[in-house]
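One structure is given below, encoded as C-alpha coordinates.
In listed order, ligands and their atoms are each counted from 1. Here the structure is a predicted model, which means the values were calculated and not measured.
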Amino acid sequence: MKTIGVAIVGCGGITLQNHVPGLALCPDTKVVALCDTDKACLQKASQQTGVKTISTDYKETVSRDDVDAVIIATPNVTHALIAHAAIAAGKHVLCEKPIAMNFREALGMYEAAERAKVRHMSAFTYRFVPAMRYLAHLVKSGALGEPYHYRSCRLQDWGNRPLGWRQVSKLAGTGELGDMLSHRIDFAHSLMGPMRRLVANTKRFIDDRQGTPSDLEDWAAILAEFQNGATGVLESSKVATGRNESWRSQDYVEVNGSQASYVFFTERWNELQVGKPGGLGLEKTIIPEEFWGVPGSPRDPRKGDPLVTFRYDQNFEFIDAIRNERPCVPSFLDGARAQAVMDSAIQSANEKRWVDPPKVG
Ligand SMILES: NC(=O)c1ccc[n+]([C@@H]2O[C@H](COP(=O)([O-])OP(=O)(O)OC[C@H]3O[C@@H](n4cnc5c(N)ncnc54)[C@H](O)[C@@H]3O)[C@@H](O)[C@H]2O)c1
(Lines give C-alpha, C1' and ligand atoms only; values in the text may rest on other atoms or scores of the structure.)
Protein backbone atom coordinates (compact mmCIF):
# COMPACT_ATOMS: atom_id res chain seq x y z
CA MET A 1 0.00 0.00 0.00
CA LYS A 2 1.38 3.44 -0.91
CA THR A 3 2.24 5.59 2.09
CA ILE A 4 0.20 8.79 2.24
CA GLY A 5 2.47 11.78 2.87
CA VAL A 6 0.88 14.51 4.98
CA ALA A 7 1.98 18.10 5.50
CA ILE A 8 0.71 20.07 8.48
CA VAL A 9 0.44 23.83 8.14
CA GLY A 10 0.13 25.47 11.57
CA CYS A 11 1.86 23.62 14.41
CA GLY A 12 0.08 25.12 17.42
CA GLY A 13 -2.34 23.73 19.98
CA ILE A 14 -4.70 21.61 17.91
CA THR A 15 -1.95 20.11 15.74
CA LEU A 16 0.01 18.77 18.68
CA GLN A 17 -3.08 17.72 20.61
CA ASN A 18 -5.14 16.07 17.83
CA HIS A 19 -3.53 15.79 14.44
CA VAL A 20 -0.08 14.45 15.27
CA PRO A 21 -1.32 11.59 17.51
CA GLY A 22 -4.31 10.97 15.21
CA LEU A 23 -2.10 10.61 12.12
CA ALA A 24 0.34 8.39 14.04
CA LEU A 25 -2.43 5.79 14.37
CA CYS A 26 -3.30 5.79 10.65
CA PRO A 27 -1.76 2.89 8.74
CA ASP A 28 0.74 3.71 5.97
CA THR A 29 0.56 7.41 6.72
CA LYS A 30 3.51 9.68 7.39
CA VAL A 31 3.83 13.33 8.34
CA VAL A 32 6.50 14.43 5.86
CA ALA A 33 6.54 18.23 6.26
CA LEU A 34 5.66 20.86 8.83
CA CYS A 35 5.02 24.55 8.31
CA ASP A 36 4.55 27.39 10.78
CA THR A 37 5.36 31.08 10.53
CA ASP A 38 6.52 30.99 14.16
CA LYS A 39 10.02 29.48 14.16
CA ALA A 40 9.94 28.48 17.84
CA CYS A 41 6.65 26.67 17.33
CA LEU A 42 8.04 24.96 14.24
CA GLN A 43 11.15 23.78 16.09
CA LYS A 44 9.08 22.42 18.97
CA ALA A 45 6.80 20.49 16.57
CA SER A 46 9.82 19.21 14.63
CA GLN A 47 11.45 17.93 17.82
CA GLN A 48 8.23 16.37 19.05
CA THR A 49 7.48 14.57 15.76
CA GLY A 50 10.94 13.94 14.41
CA VAL A 51 9.87 15.54 11.10
CA LYS A 52 12.93 17.29 9.69
CA THR A 53 11.38 18.95 6.62
CA ILE A 54 10.20 22.28 7.95
CA SER A 55 9.33 25.62 6.43
CA THR A 56 7.81 28.96 7.31
CA ASP A 57 6.29 29.25 3.81
CA TYR A 58 3.08 27.27 3.24
CA LYS A 59 3.41 27.55 -0.56
CA GLU A 60 6.71 25.69 -0.42
CA THR A 61 5.23 23.06 1.90
CA VAL A 62 2.01 22.30 0.03
CA SER A 63 3.74 22.01 -3.36
CA ARG A 64 6.22 19.31 -2.30
CA ASP A 65 6.13 16.11 -4.36
CA ASP A 66 6.13 13.88 -1.27
CA VAL A 67 3.00 15.58 0.07
CA ASP A 68 -0.32 13.94 -0.86
CA ALA A 69 -2.50 15.66 1.73
CA VAL A 70 -2.45 18.87 3.77
CA ILE A 71 -3.87 19.60 7.21
CA ILE A 72 -4.56 23.30 7.80
CA ALA A 73 -4.50 24.26 11.48
CA THR A 74 -3.76 27.98 11.37
CA PRO A 75 -5.81 31.02 12.44
CA ASN A 76 -9.07 31.24 10.46
CA VAL A 77 -8.05 34.18 8.27
CA THR A 78 -5.38 32.06 6.55
CA HIS A 79 -7.48 28.92 5.88
CA ALA A 80 -8.80 29.84 2.41
CA LEU A 81 -5.44 31.04 1.05
CA ILE A 82 -3.64 27.89 2.20
CA ALA A 83 -6.48 25.61 1.05
CA HIS A 84 -6.51 27.13 -2.44
CA ALA A 85 -2.72 26.74 -2.71
CA ALA A 86 -2.94 23.09 -1.62
CA ILE A 87 -5.87 22.35 -3.93
CA ALA A 88 -4.07 24.02 -6.86
CA ALA A 89 -1.13 21.69 -6.15
CA GLY A 90 -3.54 18.72 -6.34
CA LYS A 91 -3.41 17.88 -2.61
CA HIS A 92 -6.26 16.56 -0.43
CA VAL A 93 -7.17 19.00 2.36
CA LEU A 94 -8.41 18.68 5.93
CA CYS A 95 -9.11 22.19 7.21
CA GLU A 96 -9.79 23.24 10.77
CA LYS A 97 -13.12 24.84 11.58
CA PRO A 98 -14.46 27.37 10.90
CA ILE A 99 -13.04 26.61 7.46
CA ALA A 100 -13.22 30.23 6.30
CA MET A 101 -13.98 33.80 7.30
CA ASN A 102 -17.43 33.79 5.65
CA PHE A 103 -19.81 31.72 3.54
CA ARG A 104 -18.57 33.03 0.18
CA GLU A 105 -14.99 32.07 1.03
CA ALA A 106 -16.06 28.62 2.30
CA LEU A 107 -18.11 27.92 -0.82
CA GLY A 108 -15.13 28.92 -2.99
CA MET A 109 -12.98 26.36 -1.17
CA TYR A 110 -15.60 23.65 -1.67
CA GLU A 111 -15.99 24.42 -5.38
CA ALA A 112 -12.23 24.53 -5.99
CA ALA A 113 -11.73 21.18 -4.22
CA GLU A 114 -14.54 19.57 -6.20
CA ARG A 115 -13.16 20.92 -9.49
CA ALA A 116 -9.70 19.58 -8.65
CA LYS A 117 -11.23 16.23 -7.57
CA VAL A 118 -9.33 16.22 -4.28
CA ARG A 119 -10.75 15.03 -0.95
CA HIS A 120 -11.89 17.83 1.35
CA MET A 121 -12.82 17.69 5.01
CA SER A 122 -13.95 20.17 7.70
CA ALA A 123 -12.65 19.45 11.20
CA PHE A 124 -15.95 19.30 13.05
CA THR A 125 -14.27 17.03 15.57
CA TYR A 126 -17.26 16.46 17.82
CA ARG A 127 -18.99 14.41 15.13
CA PHE A 128 -16.63 11.67 16.30
CA VAL A 129 -17.85 11.60 19.92
CA PRO A 130 -19.28 8.05 20.33
CA ALA A 131 -22.52 9.33 21.90
CA MET A 132 -22.99 11.77 19.00
CA ARG A 133 -22.32 9.07 16.42
CA TYR A 134 -24.93 6.85 18.08
CA LEU A 135 -27.41 9.72 18.39
CA ALA A 136 -26.99 10.53 14.68
CA HIS A 137 -27.62 6.85 13.90
CA LEU A 138 -30.80 6.81 16.03
CA VAL A 139 -32.16 9.99 14.46
CA LYS A 140 -31.40 8.78 10.92
CA SER A 141 -33.10 5.45 11.64
CA GLY A 142 -36.28 7.34 12.60
CA ALA A 143 -36.19 6.54 16.34
CA LEU A 144 -37.05 10.15 17.20
CA GLY A 145 -40.37 10.07 15.35
CA GLU A 146 -41.40 13.51 14.17
CA PRO A 147 -38.51 15.84 15.13
CA TYR A 148 -39.64 18.63 17.48
CA HIS A 149 -36.59 20.27 19.07
CA TYR A 150 -32.79 20.47 18.81
CA ARG A 151 -31.10 22.11 21.79
CA SER A 152 -27.45 22.64 22.59
CA CYS A 153 -25.68 24.48 25.36
CA ARG A 154 -21.93 24.97 25.68
CA LEU A 155 -20.87 26.88 28.77
CA GLN A 156 -17.20 27.50 29.53
CA ASP A 157 -15.27 29.88 31.75
CA TRP A 158 -12.28 31.28 29.89
CA GLY A 159 -12.24 34.27 32.22
CA ASN A 160 -10.42 37.32 30.94
CA ARG A 161 -7.27 35.54 29.80
CA PRO A 162 -5.80 36.67 26.46
CA LEU A 163 -7.02 34.56 23.51
CA GLY A 164 -4.45 35.65 20.90
CA TRP A 165 -5.83 35.67 17.35
CA ARG A 166 -9.18 34.31 18.64
CA GLN A 167 -10.12 37.74 20.05
CA VAL A 168 -9.35 39.72 16.85
CA SER A 169 -12.07 39.92 14.20
CA LYS A 170 -9.71 40.37 11.26
CA LEU A 171 -7.92 37.12 12.20
CA ALA A 172 -10.80 34.97 13.47
CA GLY A 173 -13.86 36.37 11.68
CA THR A 174 -16.14 35.59 14.61
CA GLY A 175 -15.62 34.85 18.30
CA GLU A 176 -17.62 32.23 20.20
CA LEU A 177 -19.84 31.72 17.16
CA GLY A 178 -17.08 30.21 15.02
CA ASP A 179 -14.92 28.91 17.85
CA MET A 180 -17.47 26.76 19.66
CA LEU A 181 -20.99 27.20 18.28
CA SER A 182 -19.91 26.19 14.76
CA HIS A 183 -19.48 22.60 16.05
CA ARG A 184 -23.06 22.56 17.31
CA ILE A 185 -24.44 24.23 14.16
CA ASP A 186 -22.82 21.43 12.17
CA PHE A 187 -24.23 18.78 14.49
CA ALA A 188 -27.69 20.36 14.24
CA HIS A 189 -27.41 20.12 10.45
CA SER A 190 -26.35 16.50 10.60
CA LEU A 191 -29.36 15.59 12.80
CA MET A 192 -32.09 17.92 11.58
CA GLY A 193 -30.99 19.09 8.12
CA PRO A 194 -30.82 22.72 7.03
CA MET A 195 -32.25 25.71 8.93
CA ARG A 196 -35.10 27.56 7.23
CA ARG A 197 -34.78 30.74 9.30
CA LEU A 198 -33.07 32.00 12.39
CA VAL A 199 -32.79 34.90 14.76
CA ALA A 200 -29.58 35.38 16.71
CA ASN A 201 -27.74 37.56 19.16
CA THR A 202 -24.10 37.92 20.15
CA LYS A 203 -22.46 39.84 22.97
CA ARG A 204 -18.98 40.71 24.13
CA PHE A 205 -18.60 41.11 27.89
CA ILE A 206 -14.82 41.48 27.97
CA ASP A 207 -13.33 44.24 25.81
CA ASP A 208 -9.88 44.04 27.31
CA ARG A 209 -8.18 40.73 27.96
CA GLN A 210 -5.32 41.57 30.32
CA GLY A 211 -4.17 44.54 28.29
CA THR A 212 -5.05 43.18 24.83
CA PRO A 213 -8.21 44.49 23.13
CA SER A 214 -10.93 42.06 22.04
CA ASP A 215 -13.37 43.03 19.32
CA LEU A 216 -15.28 39.73 19.14
CA GLU A 217 -18.25 38.21 20.95
CA ASP A 218 -17.75 35.86 23.88
CA TRP A 219 -21.39 34.73 23.87
CA ALA A 220 -23.66 33.72 20.98
CA ALA A 221 -27.17 32.28 20.72
CA ILE A 222 -29.40 31.21 17.84
CA LEU A 223 -33.13 30.51 17.80
CA ALA A 224 -33.86 28.50 14.65
CA GLU A 225 -36.54 26.78 12.66
CA PHE A 226 -35.35 23.84 10.53
CA GLN A 227 -36.72 23.01 7.11
CA ASN A 228 -38.14 19.78 8.63
CA GLY A 229 -40.27 21.93 10.98
CA ALA A 230 -38.23 21.30 14.15
CA THR A 231 -37.15 24.20 16.36
CA GLY A 232 -33.58 24.86 17.50
CA VAL A 233 -32.06 26.67 20.47
CA LEU A 234 -28.26 26.91 20.48
CA GLU A 235 -26.23 28.81 23.09
CA SER A 236 -22.50 29.07 23.70
CA SER A 237 -20.47 31.15 26.12
CA LYS A 238 -16.84 31.67 27.10
CA VAL A 239 -17.77 33.67 30.19
CA ALA A 240 -19.94 31.26 32.20
CA THR A 241 -18.03 31.90 35.41
CA GLY A 242 -16.98 28.86 37.41
CA ARG A 243 -17.90 26.39 34.66
CA ASN A 244 -14.25 25.51 33.93
CA GLU A 245 -12.97 24.85 30.40
CA SER A 246 -12.88 22.28 27.66
CA TRP A 247 -14.68 18.96 28.24
CA ARG A 248 -14.79 19.54 31.99
CA SER A 249 -17.43 22.21 31.32
CA GLN A 250 -21.04 22.05 30.20
CA ASP A 251 -21.46 20.59 26.70
CA TYR A 252 -24.98 19.37 26.22
CA VAL A 253 -27.19 18.39 23.29
CA GLU A 254 -30.84 17.34 23.52
CA VAL A 255 -33.26 16.32 20.79
CA ASN A 256 -36.97 15.76 21.31
CA GLY A 257 -39.32 14.07 18.86
CA SER A 258 -42.78 12.50 18.92
CA GLN A 259 -41.33 9.06 19.80
CA ALA A 260 -38.33 9.81 22.01
CA SER A 261 -35.97 12.32 23.59
CA TYR A 262 -32.20 11.89 23.65
CA VAL A 263 -29.75 13.85 25.77
CA PHE A 264 -26.01 13.70 25.98
CA PHE A 265 -23.16 15.44 27.73
CA THR A 266 -19.75 15.21 26.05
CA GLU A 267 -17.99 14.26 29.27
CA ARG A 268 -20.14 11.09 29.34
CA TRP A 269 -18.84 9.97 25.98
CA ASN A 270 -20.40 6.49 25.96
CA GLU A 271 -23.75 7.30 27.49
CA LEU A 272 -27.08 8.73 26.27
CA GLN A 273 -30.12 9.65 28.32
CA VAL A 274 -33.29 8.36 26.67
CA GLY A 275 -36.91 9.27 27.35
CA LYS A 276 -39.89 7.46 25.81
CA PRO A 277 -43.63 8.36 25.79
CA GLY A 278 -45.28 7.23 29.04
CA GLY A 279 -41.91 6.49 30.66
CA LEU A 280 -40.70 7.61 34.07
CA GLY A 281 -38.39 10.23 32.58
CA LEU A 282 -34.87 10.07 31.22
CA GLU A 283 -32.99 6.81 31.65
CA LYS A 284 -29.38 6.00 30.96
CA THR A 285 -28.42 3.86 27.97
CA ILE A 286 -24.88 2.72 27.15
CA ILE A 287 -23.59 3.34 23.64
CA PRO A 288 -23.14 0.03 21.77
CA GLU A 289 -19.45 -0.73 21.24
CA GLU A 290 -19.74 -0.56 17.45
CA PHE A 291 -20.22 3.22 17.87
CA TRP A 292 -17.16 3.74 20.09
CA GLY A 293 -15.05 4.39 16.99
CA VAL A 294 -15.30 4.93 13.25
CA PRO A 295 -15.52 1.60 11.37
CA GLY A 296 -12.02 0.43 10.43
CA SER A 297 -10.27 2.87 12.78
CA PRO A 298 -7.14 1.30 14.31
CA ARG A 299 -7.74 3.23 17.54
CA ASP A 300 -8.47 1.16 20.66
CA PRO A 301 -11.27 3.11 22.41
CA ARG A 302 -10.22 1.56 25.73
CA LYS A 303 -6.78 3.15 25.53
CA GLY A 304 -6.03 6.69 26.67
CA ASP A 305 -8.46 9.37 27.77
CA PRO A 306 -11.66 8.75 25.76
CA LEU A 307 -12.45 12.48 25.86
CA VAL A 308 -9.26 13.11 23.90
CA THR A 309 -8.81 9.99 21.79
CA PHE A 310 -12.17 10.12 19.92
CA ARG A 311 -10.61 13.10 18.10
CA TYR A 312 -8.05 10.82 16.43
CA ASP A 313 -10.83 9.18 14.41
CA GLN A 314 -11.13 12.46 12.49
CA ASN A 315 -7.66 11.90 11.03
CA PHE A 316 -8.53 8.30 10.23
CA GLU A 317 -11.67 9.45 8.38
CA PHE A 318 -9.56 11.82 6.24
CA ILE A 319 -6.90 9.25 5.41
CA ASP A 320 -9.42 6.46 4.83
CA ALA A 321 -11.42 8.67 2.43
CA ILE A 322 -8.24 9.44 0.46
CA ARG A 323 -7.28 5.77 0.38
CA ASN A 324 -10.72 4.64 -0.75
CA GLU A 325 -11.40 7.60 -3.06
CA ARG A 326 -14.66 8.47 -1.33
CA PRO A 327 -16.00 11.77 0.07
CA CYS A 328 -14.92 12.77 3.59
CA VAL A 329 -17.57 13.31 6.25
CA PRO A 330 -17.87 16.13 7.21
CA SER A 331 -16.79 17.81 3.98
CA PHE A 332 -16.10 21.41 2.94
CA LEU A 333 -19.77 21.57 1.96
CA ASP A 334 -20.68 20.92 5.61
CA GLY A 335 -18.17 23.62 6.53
CA ALA A 336 -19.85 26.02 4.09
CA ARG A 337 -23.32 25.13 5.46
CA ALA A 338 -22.20 26.04 8.98
CA GLN A 339 -20.61 29.22 7.66
CA ALA A 340 -23.86 30.22 5.94
CA VAL A 341 -25.64 29.96 9.29
CA MET A 342 -22.87 31.91 11.04
CA ASP A 343 -23.08 34.72 8.46
CA SER A 344 -26.88 34.79 8.88
CA ALA A 345 -26.53 34.85 12.68
CA ILE A 346 -24.24 37.89 12.46
CA GLN A 347 -26.64 39.58 10.04
CA SER A 348 -29.61 38.80 12.31
CA ALA A 349 -27.82 40.19 15.38
CA ASN A 350 -26.77 43.34 13.52
CA GLU A 351 -30.16 43.98 11.92
CA LYS A 352 -32.25 42.69 14.87
CA ARG A 353 -34.48 40.49 12.69
CA TRP A 354 -35.11 36.93 11.42
CA VAL A 355 -32.87 35.87 8.51
CA ASP A 356 -33.21 32.94 6.06
CA PRO A 357 -29.76 31.31 5.65
CA PRO A 358 -28.83 30.72 1.99
CA LYS A 359 -29.65 27.22 0.71
CA VAL A 360 -26.43 25.24 0.29
CA GLY A 361 -25.84 22.16 -1.88
N1 LIG B 1 -11.67 21.08 15.72
C2 LIG B 1 -11.49 21.51 16.96
O3 LIG B 1 -12.04 20.97 17.90
C4 LIG B 1 -10.55 22.67 17.18
C5 LIG B 1 -9.98 22.90 18.43
C6 LIG B 1 -9.05 23.95 18.56
C7 LIG B 1 -8.74 24.75 17.46
N8 LIG B 1 -9.36 24.53 16.26
C9 LIG B 1 -9.08 25.35 15.07
O10 LIG B 1 -7.74 25.09 14.66
C11 LIG B 1 -7.15 26.27 14.13
C12 LIG B 1 -5.86 26.56 14.91
O13 LIG B 1 -6.19 26.69 16.28
P14 LIG B 1 -5.07 26.48 17.43
O15 LIG B 1 -5.79 26.50 18.70
O16 LIG B 1 -4.22 25.33 17.11
O17 LIG B 1 -4.27 27.84 17.25
P18 LIG B 1 -2.76 28.16 17.69
O19 LIG B 1 -2.65 29.63 17.76
O20 LIG B 1 -2.37 27.34 18.86
O21 LIG B 1 -1.89 27.61 16.43
C22 LIG B 1 -1.94 28.20 15.17
C23 LIG B 1 -0.55 28.14 14.56
O24 LIG B 1 -0.62 28.61 13.20
C25 LIG B 1 0.58 29.35 12.95
N26 LIG B 1 0.37 30.22 11.79
C27 LIG B 1 -0.28 31.41 11.72
N28 LIG B 1 -0.31 31.85 10.43
C29 LIG B 1 0.35 30.92 9.68
C30 LIG B 1 0.64 30.80 8.29
N31 LIG B 1 0.25 31.74 7.41
N32 LIG B 1 1.32 29.73 7.86
C33 LIG B 1 1.74 28.78 8.75
N34 LIG B 1 1.48 28.83 10.08
C35 LIG B 1 0.78 29.89 10.54
C36 LIG B 1 0.84 30.09 14.25
O37 LIG B 1 2.19 30.52 14.36
C38 LIG B 1 0.47 29.04 15.29
O39 LIG B 1 1.58 28.26 15.69
C40 LIG B 1 -8.22 27.35 14.22
O41 LIG B 1 -8.93 27.43 13.02
C42 LIG B 1 -9.14 26.84 15.33
O43 LIG B 1 -10.47 27.32 15.23
C44 LIG B 1 -10.25 23.50 16.12
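- On a distance-only criterion, Tyr126 and ligand 1 share no N/O pair closer than 3.5 Å.
- A cation-pi arrangement is present between Lys238 and Trp158 under the rule of less than 6.0 angstrom and at most 45 degrees off the ring axis.
- Of the candidates Leu163, Asn18, Asp36, Asp36 brings a heavy atom nearest to atom 36 (C) of ligand 1.
- Closest to atom 26 (N) of ligand 1, if we only count protein heavy atoms, is Thr37 OG1, 3.5 Å.
- Nearest to atom 4 (C) of ligand 1 by heavy atom, out of Gln314, Lys39, Glu96, is Glu96.
- At a 3.5 angstrom cut-off on N or O pairs, Thr125 counts as close to ligand 1.
- The closest heavy-atom contact to atom 41 (O) of ligand 1, among the options Val77, Asn76, Leu171, Ile14, comes from Asn76.
- In this structure, Arg337 is not positioned above the aromatic face of Phe332 in the sense of NZ or CZ being under 6.0 Å from the six-membered ring centre and within 45° of the axis.
- Between Ala123 and ligand 1, an N or O atom pair is found at a separation short of 3.5 Å.
- Distances between N or O atoms of Trp165 and those of ligand 1 include at least one value under 3.5 Å.
- Considering backbone and side-chain atoms together, Ile82 places no N or O closer than 3.5 Å to any N or O of ligand 1.
- Of the options Arg166, Gln17, His183, the smallest heavy-atom separation from atom 7 (C) of ligand 1 is shown by Arg166.
- A cation-pi arrangement is absent between Arg127 and Phe187, since the terminal nitrogen or guanidinium carbon is not both under 6.0 Å from the aromatic centre and inside a 45° cone about the axis.
- For ligand 1, none of its N or O atoms has an N or O atom of Thr15 under 3.5 Å away.
- Considering backbone and side-chain atoms alike, Arg311 places every N or O at 3.5 Å or more from each N or O of ligand 1.
- Using a 4.0 Å cut-off between charged side-chain N and carboxylate O, Glu176 and Lys203 make no salt bridge.
- Taking all heavy atoms of Lys59, Lys97, His19 into account, the minimum distance to atom 42 (C) of ligand 1 is reached by Lys97.
- Residue contacts with ligand 1, taken as heavy atom pairs separated by less than 4.0 Å, do not involve Thr56 at all.
- Contacts with ligand 1 closer than 4.0 Å are made by side-chain heavy atoms of Cys41 only, the backbone lying farther away.
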